[in-house]
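Below is one structure, written out as structure tokens; comments come after it.
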Amino acid sequence: MQYFIQLPALFVLSASATALAASAQGIIPLDDEYAFGVLEGEWDDECAAGVDTTTAGSATGSVQFQPDGTLAFTSDAYVVCAGGTVLTTNESGPGTYVLDGDGKLTLDLDPTMPGTDLTELRVRFDQDLAIWGDNTIAAPQTGIALRKPTDATDATLSGQYAIAGLRMEEVAGGFRGFGTGGSIDFDGAGGFSGSVSEHVVDPFSSSDVSGPVAGTYSVAADGTVLLTESGDTVTGAVLGSGEIFFLVDRTATEVGLTIGVRKGGGHSPSVVLGDWRSSSFGITPGFSGILPELFSTHLDVAIGAPDTFASSGVIVFSQPVVGQSSAPFADSGTFTLQPNGRIDAVSTVTGESELGWLSETETFAMLANVTSSQFIELELLLSRCSLAVPYGSGTPGSGDVVPVLSSSSGFPRIGSTAVLDVDSGLGGAPALLALSTMPVAGLPLLGGTIWADPLSAITTAGTTLGGTPGAPGAGSASIAIPISPDPGLKGLDVYSQAFVIDAGSPGGLVSMTQGLALEICE
């Protein structure tokens, strides 16, 4: 049974409550392993001491996060030098991490000197994927990390995927770049076919080539992908849902990164409105003949109506002679989405156009440069919104078990349904969920602590927890809260707390969860 008290009409409540197991929410602590792939380039003396030159590299590896804020990582780097020398580096070790409420995941990979070896990523609300959003180093790079499944098979990678990629090949003491786009069909049984086009950037020219591709692939239980085409094998990873995959190319004297997004339908242009994070890697021939200019951007992107975008952030360069540098960067232009997920973006600042695709969950997108100029770029975008962040501490009930409030529905968006979960309460007990627009800094009441300001309450919802009646910690329920489509709600901070009727609490009446802060997104 579920019952509601409706206050100001910011929310419209639905009447459904189900007993659920404890659900994850997008906050630390993390407790999962991720596979990653990165493309990067530098102007340095890595290849020969005291002799600066261009290098192009890719890295693959994994990161295992522990709930105590520590991590363990492995990384295999493959670096191609101008001149053809290939360097390989294998690294592993411990580290620490922090995931803040804005989705920024900061890795510190040298615990002996905290703050000296930092890497930044941006995490999606469901924690399934992250993109590199690194402004902490002056070397161009971009990449993606996917949470590893445990039961993936060849059938996980099935259906039609749009792909976008970027690779660099060493030629005659320098590099040329390839921007890749196309579509690939995976049969779910180890075979694939499709059509791929490449925009090739040579030192003083550009060209386009296209043609069919076909080959075989395999998917391991942890999502590792091996794909073979024309005798070449590349490796990567796929999400357990099959929504997104990546492949890292490191064949002979070339490196590359390719992203695949499973195509869907029924996308509305309104779903891309709002704030996004963007990370990109690009190549131009530069001003020194065969040695290219490499760059990456790490931007905040605002997509608005009608069909416009504006972005700002940092651009990082690796240029012959000049070396590594970074500077503020801003861009704007048009951004259109078709129902099948195709994206067309045109910059009014640079005049360049990009083609891309939106993912099935409508929270991730990829773009690739498709112009005939001497310029190629791979750009990854992640929908930006604050994650559900707990604050304060709960009040125990029977058996000294503290109930927990979490969110299992990801970002609370305008016009969507937020789901708040009450877990570890007294089995079969009545419970009340309160939402307010203001928090309080710990208000003592009834033997517990209030964290959501009762004077600014906007909604309360009652329910009865599932689980064995009277069993400490056995009670749980999910409360669905459809959010009004009112655009005025964008950016509203909401503070929530749940109360469970429990005579075993310190005050003999009610146990309480901690507070949970959420931001309503567009």
Side-chain angles (χ1 to χ4, degrees), residues 1-7 11-27 29 31 67 126 388-410 412 416-436 439-440 442-454 457-483 494-518:
M1 180 178 69
Q2 196 167 20
Y3 48 94
F4 306 101
I5 303 171
Q6 182 66 53
L7 294 178
F11 295 87
V12 180
L13 302 179
S14 70
S16 64
T18 56
L20 296 179
S23 55
Q25 58 185 347
I27 58 167
D31 191 15
D126 59 7
V389 179
Y391 65 98
S393 58
T395 303
S398 297
D400 203 34
V401 179
V402 180
V404 177
L405 182 63
S406 64
S407 172
S408 60
S409 58
S416 69
T417 298
V419 179
L420 299 184
D421 303 313
V422 183
D423 293 294
S424 301
L426 183 66
L432 181 72
L433 174 69
L435 290 86
S436 300
V440 289
L443 176 64
L445 184 68
L446 300 175
T449 307
I450 304 294
W451 298 102
D453 181 15
I458 52 176
T459 296
T460 58
T463 188
T464 299
L465 303 184
T468 303
S476 61
S478 176
I479 301 176
I481 307 176
I483 302 172
V494 177
Y495 303 89
S496 56
Q497 187 176 11
F499 308 86
V500 180
I501 300 300
D502 188 342
S505 62
L509 180 61
V510 60
S511 61
M512 307 177 189
T513 69
Q514 89 296 338
L516 188 69
L518 309 98

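Nothing here was measured: the structure is a model prediction, and the numbers come from that model. Throughout, numbering of the chain's residues begins at 1 and tracks the sequence.
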Considering non-hydrogen atoms only, spot the tightest contact between [X] and [Y] and give its length.
X	Y	value
T395	P506	CG2-CD, 3.8 Å
S505	S511	CB-N, 3.9 Å
I483	A418	CD1-CB, 4.0 Å
S424	V402	CB-O, 3.6 Å
S478	V419	OG-CG1, 2.8 Å
S407	L516	N-CD2, 4.0 Å

- Query: So which of L445, L446, L433, I450 actually passes side-chain contact (heavy atoms from CB on, under 4.5 Å) with F499?
  - Reply: I450

- For V500, which of L432, T513, L465 qualifies under side-chain contact (heavy atoms from CB on, under 4.5 Å)? L465

- Side chains of Q514 and S393 in contact at under 4.5 Å (non-hydrogen atoms): no

- Query: Where do S496 and L518 land on the side-chain contact (heavy atoms from CB on, under 4.5 Å) test, with the steps shown first?
  - Reply: CA-CA 8 Å; S496 56; L518 309 98; 3.8 Å; yes

- Quick check: does any side chain N or O of W451 sit under 3.5 Å from a backbone N or O of Q497, one acting as donor and the other as acceptor? no

- Item | Side-chain donor or acceptor of D502 paired with backbone N/O of V510 under 3.5 Å | no

- Message: Does I481 form a side-chain contact (heavy atoms from CB on, under 4.5 Å) with L420? I'd like the steps, not just the answer.
- Response: CA-CA 8 Å; I481 307 176; L420 299 184; 4.3 Å; yes

- Show your reasoning for whether side-chain hydrogen bond (donor to acceptor under 3.5 Å, both in side chains) applies to D453 and S436. CA-CA 6 Å; D453 181 15; S436 300; over 6 Å; no

- Query: Roughly how far apart are T417 OG1 and I479 CD1, rounded to 0.5 Å?
  - Reply: 13.5 Å

